[in-house]
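First the proteins, then the strands, lettered A, B, ... as listed; each starts at 1.
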Protein chains: 2
Amino acid sequence: MDNQEIRKAGLKVTLPRVKILELLEASVPRHVSAEDVYKMLLEKGEEIGLATVYRVLTQFEAAGLVTRHNFEGGHAVFELDRGEHHDHIVCVLCGKVEEFMDATIEERQKEIAAEHGFEMEDHSLIIYGRCNNSSCPGRE
Amino acid sequence: MDNQEIRKAGLKVTLPRVKILELLEASVPRHVSAEDVYKMLLEKGEEIGLATVYRVLTQFEAAGLVTRHNFEGGHAVFELDRGEHHDHIVCVLCGKVEEFMDATIEERQKEIAAEHGFEMEDHSLIIYGRCNNSSCPGRE
DNA sequence: CTCGTAATGCAAAAGATTCTCATCTCTCTT
DNA sequence: AAGAGAGATGAGAATCTTTTGCATTACGAG
Ligand SMILES: [Mn+2]
Ligand SMILES: [Mn+2]
Ligand SMILES: [Zn+2]
Ligand SMILES: [Zn+2]
């Protein structure tokens with residue numbers, strides 16, 4: 001159960017934390033901003049402050065429960081960590097996000113970092129493009 | 001001369017634009033924030049407003065004269081466009097930025113976008129790590 | 001159940017970027 | 001060279017996202 005995840009992170013099991021984790025587990029779409037989480041909670045009737053949402057998401061990130069991404073647009077998005085790393089493709093027209101993992105790219109990145117005398121700690125790869133979804137605006 | 005670049009972009013050749021472009025051409029480091037540009041101009045005795053710096057950088061970006069990057073940290077950085085695309089490695093300890101271009105990765109990205117039904121428009125690849133610079137803090 | 005500490009909510013603060021608007025200044029035209 | 005008009009600038013207000021301060025509340029160890 002979620003409570004164990006929270007406890008394991010050294011955090012008290014409080015209602016806001018449980019609700020936020022539950023929401024992320026059931027969230028569609030998977031990638032949501034702090035504001036999104038806040039509004040979704042309001043719609044569910046949970047009165048949780050926006051500041052708390054930001055605080056909890058940051059704590060969950062530090063605990064490895066969620067991952068934060070800086071897509072274009074000025075606000076960060078979060079997603080539940082499922083253990084396996086992946087990168088993203090974002091549609092610049094409709095915002096649709098798809099995920100992928102490419103062993104070749106992952107490997108080259110490590111090599112490149114090493115070639116430059118860096119010890120790779122993390123990386124962010126985002127492909128921006130136009131999707132072929134029929135409901136995507138801008139389809140000519 | 002710079003004036004042609006500016007004119008070619010359909011912009012009037014004004015003192016702020018010329019000074020900002022000159023500064024970017026001579027800038028060390030190469031990757032600077034709007035605030036950086038503003039302060040560097042002040043130090044040179046140029047009284048150019050911060051709002052103008054933001055406006056001009058955005059216009060230069062639209063004109064393809066500069067490229068904007070969203071490194072971690074909440075503020076965008078700009079660099080003069082030199083015609084050839086490249087990606088970045090950023091040191092999480094000292095902020096040092098190195099550039100690289102890897103044909104294998106570039107190729108795979110296009111393929112991946114296509115596999116997902118996306119027409120790639122752009123991409124952002126940033127490797128975060130710890131550099132081996134002797135002046136980098138955090139060297140243990 | 002009781003207490004002490006950690007967590008929460010609200011509002012204020014911060015940091016980055018954009019916008020408003022009155023005032024300038026390029027450019028093009030006489 | 002002088003004038004007109006569109007476009008650009010500067011200062012500050014406004015936005016937007018995220019963080020903080022602080023008084024109040026709620027976990028959870030004992
Ligand atoms: Mn994802
Ligand atoms: Mn660069
Ligand atoms: Zn789309
Ligand atoms: Zn470093």
If you round to the nearest 0.5 Å, how far is [atom2] of [Y] from [atom1] of [X]?
X: A/Leu42; Y: A/Ile48; atom1: CG; atom2: CD1; answer: 9.0 Å
X: A/Asp87; Y: A/Ile105; atom1: CG; atom2: CD1; answer: 7.5 Å
X: B/Lys19; Y: B/Met40; atom1: NZ; atom2: CE; answer: 14.0 Å

Please find out if less than 6.0 Å separates the ring center of A/His88 from that of B/His123.
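No, the ring of A/His88 stays outside the 6.0 Å limit from the ring of B/His123, centre to centre.
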
Test of ring centre spacing under 6.0 Å for B/His69 and B/Phe71:
yes

Would B/His116 and A/Glu99 count as a side-chain hydrogen bond (donor to acceptor under 3.5 Å, both in side chains) if you check the C-alpha gap in whole Å, the side-chain angles of each, and the deciding distance to 0.1 Å?
CA-CA 9 Å; B/His116 287 261; A/Glu99 309 181 324; over 6 Å; no

Rounded to the Å, how far apart are [X] [atom1] and [N] [atom2]?
X: B/Glu61; N: C/dT18; atom1: CD; atom2: C1'; answer: 15 Å
X: A/Leu57; N: C/dT8; atom1: CG; atom2: P; answer: 12 Å
X: B/Tyr38; N: D/dT9; atom1: OH; atom2: C1'; answer: 13 Å
X: A/Leu21; N: C/dA7; atom1: CG; atom2: C1'; answer: 17 Å
X: A/Glu46; N: C/dT8; atom1: CD; atom2: C1'; answer: 14 Å

So for atom CD, which belongs to B/Glu25, do other residues, nucleotides or ligands contribute more than 12 heavy atoms lying within a distance under 6.0 Å?
yes

Please tell me if the side chains of A/Ser33 and A/Phe78 come closer than 4.5 Å, counting only heavy atoms from C-beta onward.
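The answer is no, as the side chains (C-beta and beyond) never meet within the 4.5 Å cut-off.
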
Do nucleotides 24-30 of chain C as a string where each nucleotide becomes B, S or -: B if the base has a protein heavy atom under 4.0 Å, S if just the sugar-phosphate does, - if no protein is that close.
-BBS---

How does each nucleotide of nucleotides 14-19 of chain D score, in 5' to 3' order, for protein heavy atoms under 4.0 Å: base (B), sugar-phosphate only (S), or none (-)?
---SBB

Chi angles and distances behind the side-chain hydrogen bond (donor to acceptor under 3.5 Å, both in side chains) call for A/His86, A/Glu79
CA-CA 12 Å; A/His86 60 262; A/Glu79 71 174 308; 3.0 Å; yes

Using five base pairs at each end, measure the axis-to-axis angle across the helix from C/dC1-D/dG30 to C/dT30-D/dA1 and round it to 10 degrees.
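Here the local axes at opposite ends form an angle of 30°.
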
Could you please spell out the steps behind the salt bridge (charged side-chain N to carboxylate O under 4.0 Å, His left out) verdict for A/Lys96 and A/Glu98?
CA-CA 7 Å; A/Lys96 178 175 161 190; A/Glu98 296 218 356; 3.3 Å; yes

Verify whether one side chain among A/Arg68 and A/Thr58 offers a donor that lies under 3.5 Å from an acceptor in the other.
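Judged by distance alone, the side chains do pair up.
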
